[in-house]
K.L.:
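Starting off with a structure, shown below.
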Amino acid sequence: MTLRFIGIDPDTKTADSPTVWVDQEKQEFVFQGWKPTPELEAECAAFEVPGHAVGIPADEAVIRIPARMVQMIREACDVVERTDDR
């Protein structure tokens with residue numbers, strides 16, 4: 001795995017640490033974030049999209065990351081696009 005660190009929540013103190021990485025080999029985004037409240041997770045699980053099963057599959061998770069990290073997510077997108085152009 002070629003995991004590339006992009007950034008960590010700038011408001012991180014010592015415990016909370018939403019983080020953005022890119023797996024350059026798989027061309028995937030990797031996010032560490034806060035667990036959702038049970039209410040938010042239930043709302044996400046109940047959301048219906050045509051052609052998509054309702055619920056959250058056992059191998060998937062809902063996470064929350066702060067909007068203040070949008071620039072890091074943009075940078076991660078740029079990294080994946082550059083990797084794709086090899």
Side-chain angles (χ1 to χ4, degrees):
M1 177 186 306
T2 53
L3 198 59
R4 177 174 172 171
F5 173 78
I6 301 298
I8 193 167
D9 179 3
D11 285 1
T12 291
K13 305 299 185 257
T14 57
D16 293 339
S17 55
T19 308
V20 178
W21 296 273
V22 170
D23 180 332
Q24 291 179 289
E25 183 178 313
K26 292 182 180 178
Q27 293 188 287
E28 295 176 344
F29 303 106
V30 180
F31 297 107
Q32 176 181 325
W34 302 306
K35 292 180 180 180
T37 62
E39 296 81 15
L40 177 58
E41 190 166 43
E43 184 177 349
C44 292
F47 198 79
E48 293 189 42
V49 177
H52 186 274
V54 175
I56 301 167
D59 63 339
E60 295 182 10
V62 173
I63 63 161
R64 298 171 30 245
I65 57 172
R68 64 183 163 264
M69 295 178 68
V70 72
Q71 188 56 41
M72 291 172 211
I73 296 168
R74 285 188 181 120
E75 182 180 341
C77 292
D78 291 343
V79 167
V80 168
E81 286 181 339
R82 284 193 303 267
T83 304
D84 192 37
D85 290 340
R86 292 186 242 174

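Note: hydrogens, waters and symmetry copies are ignored here, and every other heavy atom, side chains too, is used. From a predicted model like this one, the values you see are computed outputs, not experimental measurements.
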K.L.:
Could you list who else is in V49's hydrophobic cluster, with ILVMFWY side chains joined at under 4.5 Å, directly or through other members?
P.N.:
F47
K.L.:
Among all residues two or more places apart in sequence or in another chain, which pass the side chain to side chain contact (heavy atoms under 4.5 Å, CB included) test with E60?
P.N.:
I56, P57
K.L.:
Test I6 against every option in V20, D78, T19 by the side-chain contact (heavy atoms from CB on, under 4.5 Å) rule and name the one that passes.
P.N.:
V20
K.L.:
For V22 and A76, which heavy atoms make the closest approach, and how far apart are they?
P.N.:
CG2-CB, 3.5 Å
K.L.:
Rounded to the nearest 0.5 Å, how far does CZ of R82 lie from CD of Q24?
P.N.:
8.5 Å
K.L.:
Check residues 68-75 and write down every donor-acceptor pair under 3.5 Å in which the side-chain atom is one partner and the other belongs to a residue at least two apart or another chain.
P.N.:
unit_1: R68; atom_1: NE; unit_2: D9; atom_2: OD1; d: 2.6
unit_1: R68; atom_1: NE; unit_2: D11; atom_2: OD2; d: 3.3
unit_1: R68; atom_1: NH2; unit_2: D9; atom_2: OD2; d: 2.9

K.L.:
For residues 43-57, which residue pairs pass the side chain to side chain donor-acceptor pair (under 3.5 Å) check, not counting sequence neighbours?
P.N.:
none
K.L.:
What are the two closest heavy atoms between W21 and F5, and how far apart are they?
P.N.:
CD1-CA, 3.5 Å
K.L.:
Look up atom CD in E81 and atom CD in Q27, then write down how far apart they are to the nearest 0.5 Å.
P.N.:
10.0 Å
K.L.:
Distance-only check: which donor-acceptor pairs under 3.5 Å involve side-chain atoms of residues 29-39, not counting sequence neighbours?
P.N.:
unit_1: Q32; atom_1: NE2; unit_2: S17; atom_2: O; d: 3.3
unit_1: Q32; atom_1: NE2; unit_2: S17; atom_2: OG; d: 3.0
unit_1: T37; atom_1: OG1; unit_2: E39; atom_2: OE1; d: 3.4
unit_1: T37; atom_1: OG1; unit_2: L40; atom_2: N; d: 3.1

